[in-house]
Every structure is written in C-alpha cells, then in structure tokens.
Amino acid sequence: MVDSRQQPCLALTTGEPAGIGPELVLKLTQDIDALPGRIVAVGDPQLLTQRARALDIPIELDVLAMNESPRAARPGVLSVWPVPLRVSSRPGVLDPANADYVLNTLDVAIAACDQGSAQAMVTSPLHKGAIIEGGHPGFTGHTEYLRDACGVDEVVMMLATQSALHGRVAGQPYCPLRVALATTHLPLRQVAQAITQPGLERVLRILARDLKRHFGIACPRIAVCGLNPHAGEGGHLGDEEITTLIPVLERLRGEGMQLIGPLPADTLFTPRHLDQVDAVLAMYHDQGLAVLKYAGFGLGANITLGLPLIRTSVDHGTALDLAGKGVADPGSLRVALQVAADMARAANQGLP
Ligand SMILES: NC(=O)C1=CN([C@@H]2O[C@H](COP(=O)(O)OP(=O)(O)OC[C@H]3O[C@@H](n4cnc5c(N)ncnc54)[C@H](O)[C@@H]3O)[C@@H](O)[C@H]2O)C=CC1
Ligand SMILES: NCC(=O)COP(=O)(O)O
C-alpha cells in the first residue's frame, strides 16, 4: 500500500464563500480514492460545517495548526487550515465584506507553498467583482495576485482541457488542448495597446519554458493567434500582426523556438493545426477561452505559469446560480487537483 504521506500535499482554497467552491471541496471528500494527494482545505471551518449540514454531506473536519501537515486521507474527513470569515455568508449572496477573507485564504496557501508544508496550491473560484468592491480596486484575478505576492514580473494564464476537437493526438491522459493568453482580464478596448513586443516575447518565453519544466515537453510547438480578423489581412484589417507579432515570432524562431503563426484565430482551432502543436497562444481572454470551454468545459484546469510555486484552478467561476443546491459539477476541481499533483511529482523528480 502506498504511504499517503508520500503523496503531495495540496492546499485547496475554498474560494468565494457565497459560491460553489465550499460545496465542491466537500463533495471531493466523499470519494477519497479519487484524490491525487493529501488535501488541506483553506477556509472557514464553520462555513464548511454549515454547508455540509445543509447539503447532507457527512463530514468530519480535522482543523490543523498552520504548521501542521495533513494526516493520511480518511473517508469523510477533511483537513482544514482555518481562516475565519469576516461576516457570515449565504449561498448565492455576495458580500464584499468577505473580500479580505478570500484573499487571506490565498495568502495562507501561498505561505504553505513557500514554507514547503504544501507542494502546490489549487484554488476554488472567487468573485472578482466582490473583491474589487471589498476594497481592492486593482484586483483582476488570482493570476495577477499571485504574480505580485510571489514578486515576479510576468505570469501566463494557461488553461488545459480534454478536447473532442482534435482527439487524434495520442499519448496524453488529459489536457491535450492547452490555450495560453497574451492578455488576461482586460476590457476589450484596451487589448490591442496591451500587446507589445517585449510583453509578447516574455509571455512566449514563459510558456515555452514552463511547458518544458512542468509538462516535460522537450521542444514545445506553439501556435500563435493573430489579433485581428484574418490575422490583419496583410495590414488592411489592423496592423498589430506586422508591427508587433511577426517581429517577435521571427526573433524567437531565430533562437530555435518552434512557433507557428500568427494565424487567423477562426481557423487555428481546427484539427489540422491543433494536431501539430502543444499549445496555442491566444491574444485575449475570449479568443482562446471560448474555444477551450466549448471543447471541454468542466474537464479543464487553469494553470498559472511563471510562478515559483505550483498553482492550478478550476475552469469555471463561482456559479452563484447553483450555490447551495448541491448540483455543481466537481469535475474541473478534480482535474485541477490531478494536474497540480502531477506537476508537484514532476518537480520532485526534477523534470527539466
Ligand atoms: N478561478 C476563478 O476564480 C474564476 C472565477 N470566475 C469568476 O466567477 C464569477 C462568475 O463568472 P461567470 O462568468 O458567471 O462564470 P461561471 O463559470 O461562474 O458560470 C457560467 C455558467 O456555468 C455554470 N457553471 C459554472 N460552474 C459550474 C459547475 N461546476 N457545474 C455546473 N455548472 C457550472 C453556471 O451555473 C453558469 O451557468 C465572476 O466573478 C468571474 O470573474 C470565473 C472563472 C474562473
Ligand atoms: N477566466 C479565468 C478566470 O477568470 C480565472 O482567473 P484567475 O482568478 O485564475 O486569475
């Protein structure tokens, strides 16, 4: 029998308390054999107890001190690093007064990774609007919060899922479709200006490096979307491909990086192209994520590249419309945990 202490410890934040995060975390504990590591939930124990009672989920909480590691997984037992709510929370009803609670759960998970008591952090969804309204006007998501907390200049958001769009790629147990973003949570009107040669170069370098470092892909092949319709139509439908994208791709190809594009985004996501690459770089959020979620919503994970720690998350949001009903699908959270555990094991084995 495998000693469960050999398994990576995953710090799992419970997310926005009014959303589906807490109940998804509770649901996981009902099938411990499906867990890829030792899980410690980071959140309010009372909140978890209340949600478990309301949904009739049998659960015993093992509340740990911050420096305590979780014991071997036991059926129906959930280890918790406790963080107190600021105000009580009802499913589906946001209260920005809990913004600092949500951010505190992230801080605890980050500290656990820094100190080595967790090997990765996995985040349940938070509500960006509630964090902003709770006194953090510049907040744009976990990705940038982690960037700043870890003191790095640039990170890259990449989502990966199982896809029926190009199922002919063999040899990957999960996430054959990987989509990274050149820009993340920006109003559309700011996107073009945000894509600069130095920024795009940094994103591509991080993407290529972390596909090697975390996923063992020796020489990653990356397809890059154009920004404009038909990749600018030779400059007639926008010139960012000519002024920004093509010079960066040519420079990096000169260093040996395997880059395709910029290709028109409307036909890039077809098997002919996808079968040739390990990842796609989209220029903005909905250009890439609408396709990814069409291909495999609920089966994907969000991975932050460029961090000194491992962080994955779900492919969905807080789903306030479902919160407290017990019907939300924990599939993506399972994938996020599995990807984090695999990344932690790969790091332990010293993948290049
Ligand atoms: N990792 C994170 O923290 C993420 C946070 N968000 C945040 O979540 C909030 C709500 O975002 P929306 O755009 O409404 O997306 P959403 O993913 O919360 O909801 C979109 C639709 O998918 C459904 N859905 C979501 N998760 C589901 C699940 N596990 N099982 C079954 N159905 C599910 C919802 O009921 C809704 O119909 C926003 O504040 C957004 O910024 C969104 C994505 C990721
Ligand atoms: N669309 C992805 C998303 O909203 C999650 O962002 P983040 O909180 O992981 O930065």
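When a ligand or atom number is given, it counts from 1 through the structure's own listing order.
Side-chain atoms of Gln197 do not come within 3.5 Å of backbone N or O of Val248 as any donor-acceptor pair. Using modelled atom types, one side-chain atom of Glu23 and one backbone atom of Gly326 make a donor-acceptor pair closer than 3.5 Å. In this structure, Asn98 contributes its side chain and Val87 its backbone to a donor-acceptor pair below 3.5 Å. Distance alone, capped at 3.5 Å, is enough to place a donor-acceptor pair between the Glu241 side chain and the Asn228 backbone. Between the side chain of Ser79 and the backbone N or O of Pro70 there is no donor-acceptor pair closer than 3.5 Å.
At the shortest separation from atom 22 (O) of ligand 1 among protein heavy atoms lies Phe297 CE2, 3.7 Å. At the top of the distance list for atom 10 (O) of ligand 2, counting protein heavy atoms only, stands Thr143 OG1, 2.5 Å. Counting only heavy atoms of the protein, atom 6 (O) of ligand 2 lies nearest to His185 CE1, 3.3 Å. Of the protein's non-hydrogen atoms, Thr318 OG1, 3.5 Å is the one closest to atom 10 (C) of ligand 1. Of the protein's non-hydrogen atoms, the one nearest atom 41 (O) of ligand 1 is Lys128 NZ, 3.0 Å. Residue, atom and distance of the protein heavy atom nearest to atom 1 (N) of ligand 2 are His285 NE2, 2.8 Å. Protein heavy atom nearest atom 4 (C) of ligand 1, with residue, atom name and distance: His316 O, 3.6 Å. Scanning the protein heavy atoms around atom 39 (O) of ligand 1, the nearest turns out to be His127 CD2, 3.3 Å. Protein heavy atom in closest approach to atom 2 (C) of ligand 1: Pro125 CA, 3.6 Å. If you check which protein heavy atom lies closest to atom 5 (C) of ligand 1, you get Leu126 O, 3.2 Å. Scanning the protein for heavy atoms near atom 24 (N) of ligand 1, the closest one is Ala319 CB, 4.0 Å. Given atom 5 (C) of ligand 2, the protein heavy atom at minimum distance is Asn302 ND2, 3.6 Å.
Contact annotation for Thr140 and ligand 2: no heavy atom of the residue comes within less than 4.0 Å of the ligand. At a 4.0 Å heavy-atom cut-off, ligand 1 does not touch Glu16 at all. Contacts with ligand 1 closer than 4.0 Å are made by heavy atoms of both the backbone and the side chain of Asp329. The proximity of Thr304 to ligand 2, defined as any non-hydrogen pair under 4.0 Å, does not occur for either the backbone or the side chain. The side chain of Leu322, and not its backbone, has at least one atom closer than 4.0 Å to an atom of ligand 1 (non-hydrogen atoms only; side chain from C-beta on).
Residues Leu320 and Leu94 form a side-chain contact, since some pair of their non-hydrogen atoms from C-beta on lies under 4.5 Å apart.
Every N/O-N/O distance between Glu144 and ligand 2 stays at or above 3.5 Å. Below 3.5 Å of separation, one finds an N or O of His142 facing an N or O of ligand 2. Considering both main-chain and side-chain atoms, Lys293 never comes within under 3.5 Å of ligand 2 through any nitrogen or oxygen pair. Residue Ser124 has no nitrogen or oxygen atom sitting less than 3.5 Å from a nitrogen or oxygen atom of ligand 1, judged on distance alone. Residue Ile20 places no N or O, backbone or side chain, under 3.5 Å from any N or O of ligand 1. Between Ser313 and ligand 1, at least one N/O pair is under 3.5 Å apart.
A salt bridge links Glu201 to Arg251: at least one charged side-chain nitrogen sits closer than 4.0 Å to a carboxylate oxygen. Using a 4.0 Å cut-off between charged side-chain N and carboxylate O, Asp315 and Lys293 make no salt bridge.
In this structure, atom 43 (C) of ligand 1 has protein heavy atoms in its sub-4.0 angstrom surroundings. Taking a distance limit of 4.0 Å, we find that atom 20 (C) of ligand 1 is approached by no protein heavy atom. Under the 4.0 angstrom criterion, atom 12 (P) of ligand 1 counts as lacking any protein heavy-atom contact.
For ligand 1, the atoms lying closer than 4.0 Å to a non-hydrogen atom of Ala328 are 30 (N). Ligand 2 places these atoms under 4.0 Å from at least one heavy atom of Leu289: 1 (N). Within ligand 2, counting atoms from 1 as listed, the ones closer than 4.0 Å to a heavy atom of Gly141 are 8 (O), 10 (O).
In this structure, a donor-acceptor pair under 3.5 Å is present between the side chains of Glu144 and Thr140. Asp100 and His136 are linked by a side-chain donor-acceptor pair at a separation below 3.5 angstrom, with hydrogens and angles left out of the test. Thr13 and Thr105 are not linked by any side-chain donor-acceptor pair at a separation below 3.5 angstrom, with hydrogens and angles left out of the test. Using modelled atom types, one finds a donor on one side chain and an acceptor on the other under 3.5 Å when comparing Arg311 with Thr123.
Evaluated by nearest non-hydrogen atom to atom 16 (P) of ligand 1, the leading choice among Ala130, Gly298, Gly317 is Gly317. One option in His316, Lys128, Arg311 has a heavy atom closer to atom 9 (O) of ligand 2 than any other, and that option is Arg311.
The neighbour count for Gln193 CD, taken as heavy atoms of other residues, nucleotides or ligands under 6.0 Å away, does not exceed 12.
To the nearest 0.5 angstrom, Cys219 atom SG is 6.5 Å from Lys212 atom NZ. Interatomic distance, Arg205 CZ to Met257 CE, rounded to the nearest 0.5 Å: 7.0 Å.
Across Val191 and Met283, no two heavy atoms sit closer than the pair CG1-O, 4.2 Å. For the residue pair Gly288 and Phe269, the shortest heavy atom distance occurs at CA-CZ, 4.3 Å.
Every heavy atom of Asn302 sits 4.0 Å or more from the atoms of ligand 1. At least one heavy atom of Asp321 sits closer than 4.0 Å to an atom of ligand 1.
Of the candidates Thr184, Ile303, Val203, Thr304, Met157 forms a side-chain contact (heavy atoms from CB on, under 4.5 Å) with just one, namely Thr184.
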TODO: Would you please test Tyr145 and Asp107 for side-chain hydrogen bond (donor to acceptor under 3.5 Å, both in side chains) and show each step?
DONE: CA-CA 10 Å; Tyr145 187 81; Asp107 296 338; 2.7 Å; yes

